[in-house]
Student: 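Okay, handing you the structure first.
Please read these numbers as outputs of a predicted model, since none were measured by experiment. Lettering follows sequence order; numbering is per chain, from 1.
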Protein chains: 2
Amino acid sequence: MKPNIHDVAKIAGVSSTTVSRVLNNRGYISEKTKERVYKAMEEINYFPNDLARSLFRKRTNLIGLIIPNSSNPFFGELAFHIESICTQKGYKLLLCNSLNRKDKEEKYLEMLIRNQVDGVIAVTFNRGILDYHKQNLPIVAIDHYLSNHIPVVGSDNYAGGKKATELLLGKGCKHIVHINGPLELETPANLRRKAYEDIMKEHGRQPVTYEVPFHQNYQECISRLFDEQPNADGIFASDDLIAAAVLTEAKKRGKDIPSRLKVIGYDGTETVQSLLPSLTTIQQPIQSISQKAIDILLKAVDGDFNDLPLETYLPVKVLEGETT
Amino acid sequence: MKPNIHDVAKIAGVSSTTVSRVLNNRGYISEKTKERVYKAMEEINYFPNDLARSLFRKRTNLIGLIIPNSSNPFFGELAFHIESICTQKGYKLLLCNSLNRKDKEEKYLEMLIRNQVDGVIAVTFNRGILDYHKQNLPIVAIDHYLSNHIPVVGSDNYAGGKKATELLLGKGCKHIVHINGPLELETPANLRRKAYEDIMKEHGRQPVTYEVPFHQNYQECISRLFDEQPNADGIFASDDLIAAAVLTEAKKRGKDIPSRLKVIGYDGTETVQSLLPSLTTIQQPIQSISQKAIDILLKAVDGDFNDLPLETYLPVKVLEGETT
DNA sequence: CTGAAAGCGCTTACAG
DNA sequence: CTGAAAGCGCTTACAG
């Protein structure tokens, strides 16, 4: 059996109250007692049970993270930064992969509530989440609107879409096509599309947006795009995986990049920079997003609901490779 | 305040014992009572506190996962599968990114112990972990030996190294160079190198292994390789990120692939398949590895230490692209 | 400077 | 079929 605080107390010859005080560095304890307690803890290899502590304190220092899929470079990197910052601040992270399925998100949320997490960071398309807000659970959303009460942190999607489009126009592209995820979803990612469309119109160009099915094999959709848009000389993909699929299709068709077709992606993760450094892309500041999301969440956890910024958009950066 | 079991009991007009019974579907309870209890729970939006439950049961259904970095496609994918399977089996996952630093691994391990996790899955190079085994904490290692008592699950690294080398030889390569991580680490990944060296010798070829620094910018090391090995016509990289860096360097130097240089990697994650589908690589069965690791861990958690397989190596697959 | 007691929110023998 | 009591391993007023 694992030793508990009473075992330590017995060996040190004090009460468990005193052991607890030593553990928490609270109140006055004589140096001698302290030493004896420490020695006893060492002797029997004692580690306090955080479950019991959390139960009493009504504070677990547990944060739940709900993302679609940590296999995806963007979310994997996000999870890394969020976990690292949490640890640094004394919080622990419960990882949840929702696959963007509403039923899974709901189950995860219930699990997190049962486990008494202090707060949740979520990347989700489903507004349903907000129903749980009556639980008084602090939530911060990343990159996707949830409700009017839940703070959102993300990259400046409009600026990103603008930069991407202007870059292609500046390189002389006349027929730029945009590829995006499902358009009916109310996400700031759609601001990338909005920016693209606005800029195109400003330049007297006709915007054309293709919609790829959600997190699936894009290849078919992209192949169709190549068939239907033989004049396309620029493609702005709303994420780097889509952009990579475009490059693959272009190669297959012998369409030289960047001379006959220029391609720009979005996200700019470390993984993409390693595996496909030639890709021009709009880089999201994943670490800053993580930092900001945690700052806001912890403020809410500490009961400071006053000036929670409801929308925070951090600046993006153009990473120019050889595909433009 | 969050409602507790007594609040439910009061509303339903029963004792908390009865509510607990309904919650756990245990013992005989009249249908009427059950209904009343369920209605009361719904009414006040009650969710049981798993902390209290775990404290009593001495079972948290919590698993700790220690990986170097979820940003890395291989570990991100591993985390995804492990989390998914855990959830499916009613377990929750605490994510820890160790950056392969021993001090971090130790801190994480202590944190996991304090949080009463039922078991730990770890990808680590540090044997120190085994010191904690006296805590009686079930641990399964992935891909790296920890000690004689800790089961390891991984891909068949020797077979992988063999297949990679034979593929290059079969394609007519005469001067094959291998690139691996730090060689002093006792890891099964070194079996990839061992296989490479064995096969080379079998074919009367001189093995040449380059060692890249740990999870750093490989580019410099690879550039040196190109300088020092101008005759190299085949490179077997011990992971896909290294292989990608080789491709980048070759491109920079105008060395055509695969005509003048053939390259094969290792891992074959979904991300690499999406971003760099042209890369020939040895694919690890990440899902099977995850499944197996969890099977073994849960067996140990359930106290069945009898026939825990100490070493499990799952078959790898050649994914042939255009770099060979 | 130190200890006895109550309580965090559950579950489980035990008794009826 | 249901309830009172004890206990999981802690922490914190309160008292001395």
Student: Whole-Å distance between C:dT11 P and B:His6 NE2?
Tutor: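 Computing the B:His6:NE2 to C:dT11:P distance gives 11 Å.
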Student: Taking side-chain hydrogen bond (donor to acceptor under 3.5 Å, both in side chains) as the definition, give me every residue that meets it alongside B:Asn25, ordered by chain and number, with sequence neighbours left out.
Tutor: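 side-chain hydrogen bond (donor to acceptor under 3.5 Å, both in side chains) list for B:Asn25, sorted by chain: empty.
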Student: Starting from P on C:dC10, measure out to CZ on B:Phe47 and report it in whole angstrom.
Tutor: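 Rounded to whole Å, this separation is 12 Å.
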Student: Atom CZ of A:Arg59 and atom P of C:dG9: how far apart are they, to the nearest Å?
Tutor: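 Checked: the CZ to P distance equals 16 Å.
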Student: CD of A:Gln116 versus C1' of C:dC10: gap in Å, rounded?
Tutor: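 Rounded to whole Å, this separation is 11 Å.
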Student: Tell me the closest heavy-atom pair linking A:Arg36 and A:Ala12, and the distance in Å.
Tutor: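 Heavy atoms of A:Arg36 and A:Ala12 come nearest at NE-O, 2.9 Å.
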Student: Using side-chain heavy atoms (C-beta onward) and a distance below 4.5 Å, is A:Leu78 in contact with A:Ser290?
Tutor: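 Yes; the side chains approach each other to less than 4.5 Å.
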Student: Please examine the side chains of A:Tyr108 and B:Thr87, heavy atoms only from C-beta on, and report whether any two atoms are closer than 4.5 Å.
Tutor: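 A side-chain contact under 4.5 Å exists here.
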Student: When you compare the side chains of A:Asn61 and A:Lys92, does any donor N or O come within less than 3.5 Å of an acceptor on the partner?
Tutor: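 No, no side-chain donor-acceptor contact under 3.5 Å.
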Student: Identify whether any heavy atom of A:Ser20 sits under 4.0 Å from a base atom; if not, whether one sits that close to sugar-phosphate; answer base, sugar-phosphate or nothing.
Tutor: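 Base contact.
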Student: Please find the pair of heavy atoms, one from A:Glu83 and one from B:Leu95, that lie closest to each other, and give the distance.
Tutor: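 Residues A:Glu83 and B:Leu95, closest heavy atoms: CG-O, 3.2 Å.
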Student: Holding to side-chain hydrogen bond (donor to acceptor under 3.5 Å, both in side chains), I want the full list of residues that pass it with B:Ser30, two or more places apart in sequence or in another chain.
Tutor: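 B:Ser30 satisfies side-chain hydrogen bond (donor to acceptor under 3.5 Å, both in side chains) with B:Thr33 once adjacent residues are dropped.
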Student: Should A:Ile66 and A:Val120 count as side-chain neighbours, where that means a heavy-atom distance under 4.5 Å?
Tutor: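 Heavy-atom side-chain distance check passes, below 4.5 Å.
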Student: Measure the distance from CD1 on A:Ile113 to P on C:dG9 and round it to the nearest whole Å.
Tutor: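 It works out to 16 Å between those atoms.
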Student: Any carboxylate oxygen within less than 4.0 angstrom of a Lys/Arg side-chain nitrogen, looking at A:Asp50 and A:Arg57?
Tutor: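 A salt bridge is absent here (no side-chain N lies under 4.0 Å from a carboxylate O).
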Student: Could you list all N or O pairs between the protein and nucleotides 13-16 of chain D that sit under 3.5 Å apart?
Tutor:
none

Student: Pairs under 3.5 angstrom, nitrogen or oxygen only, protein versus nucleotides 6-8 of chain D, please.
Tutor:
| from | atom 1 | to | atom 2 | distance (Å) |
| --- | --- | --- | --- | --- |
| D:dC8 | O3' | B:Lys58 | NZ | 2.8 |

Student: Ignoring backbone atoms, establish whether A:Thr18 has a side-chain N or O less than 4.0 Å from OP1 or OP2 of C:dG3.
Tutor: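 Indeed, a polar side-chain atom of A:Thr18 lies that close.
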Student: Tell me, which stems hold DNA chain C, with a stem being 3 or more Watson-Crick or G-U pairs in a row and both distances under 3.5 Å?
Tutor: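 Only these stems qualify: C:1-3 with D:14-16, C:5-12 with D:5-12, C:14-16 with D:1-3.
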Student: Please give, in whole Å, the distance from C:dC10 P to A:Arg114 CZ?
Tutor: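 These atoms are roughly 10 Å apart.
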Student: Using every non-hydrogen atom in the two residues, find where A:Ala293 and A:Val153 come nearest and quote the distance to one decimal.
Tutor: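 Closest pair (atom of A:Ala293, atom of A:Val153, distance): CA-CG2, 3.9 Å.
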Student: Looking only at heavy atoms, which two atoms of B:Arg114 and A:Pro48 are closest? And how far apart?
Tutor: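 Closest approach of B:Arg114 to A:Pro48, heavy atoms only: NH1-CG, 3.4 Å.
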Student: For A:Asp7 and D:dC10, give me the distance from atom CG to atom C1', rounded to whole Å.
Tutor: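 In whole Å, D:dC10 C1' lies 13 Å from A:Asp7 CG.
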Student: What pair of heavy atoms forms the shortest contact from A:Leu314 to A:Pro285, and how long is it?
Tutor: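 Shortest heavy-atom separation between A:Leu314 and A:Pro285 comes out as CB-CG, 3.7 Å.
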Student: I need the CZ-C1' distance between A:Arg53 and C:dC10, as an integer number of Å.
Tutor: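 My rounded result for the distance is 20 Å.
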Student: Which part of the nucleic acid, if any, lies within reach of B:Asn24 when heavy atoms closer than 4.0 Å are counted: base, sugar-phosphate only, or nothing?
Tutor: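 Contact class for B:Asn24: sugar-phosphate only.
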Student: Given side chains that start at C-beta, do those of A:Ile67 and A:Asn72 come closer than 4.5 Å, heavy atoms only?
Tutor: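 Answer no - side chains too far apart.
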Student: May I ask you to list the residues of residues 28-41 of chain A, by number, that have any heavy atom positioned under 4.0 Å from an atom of DNA chain D?
Tutor: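 Listed by number, there are none.
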Student: Counting distance only, does the side-chain N/O of B:Asp118 pair as donor-acceptor with the main-chain N or O of B:Thr60 below 3.5 Å?
Tutor: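 The answer is yes, because a donor-acceptor pair under 3.5 Å joins these two groups.
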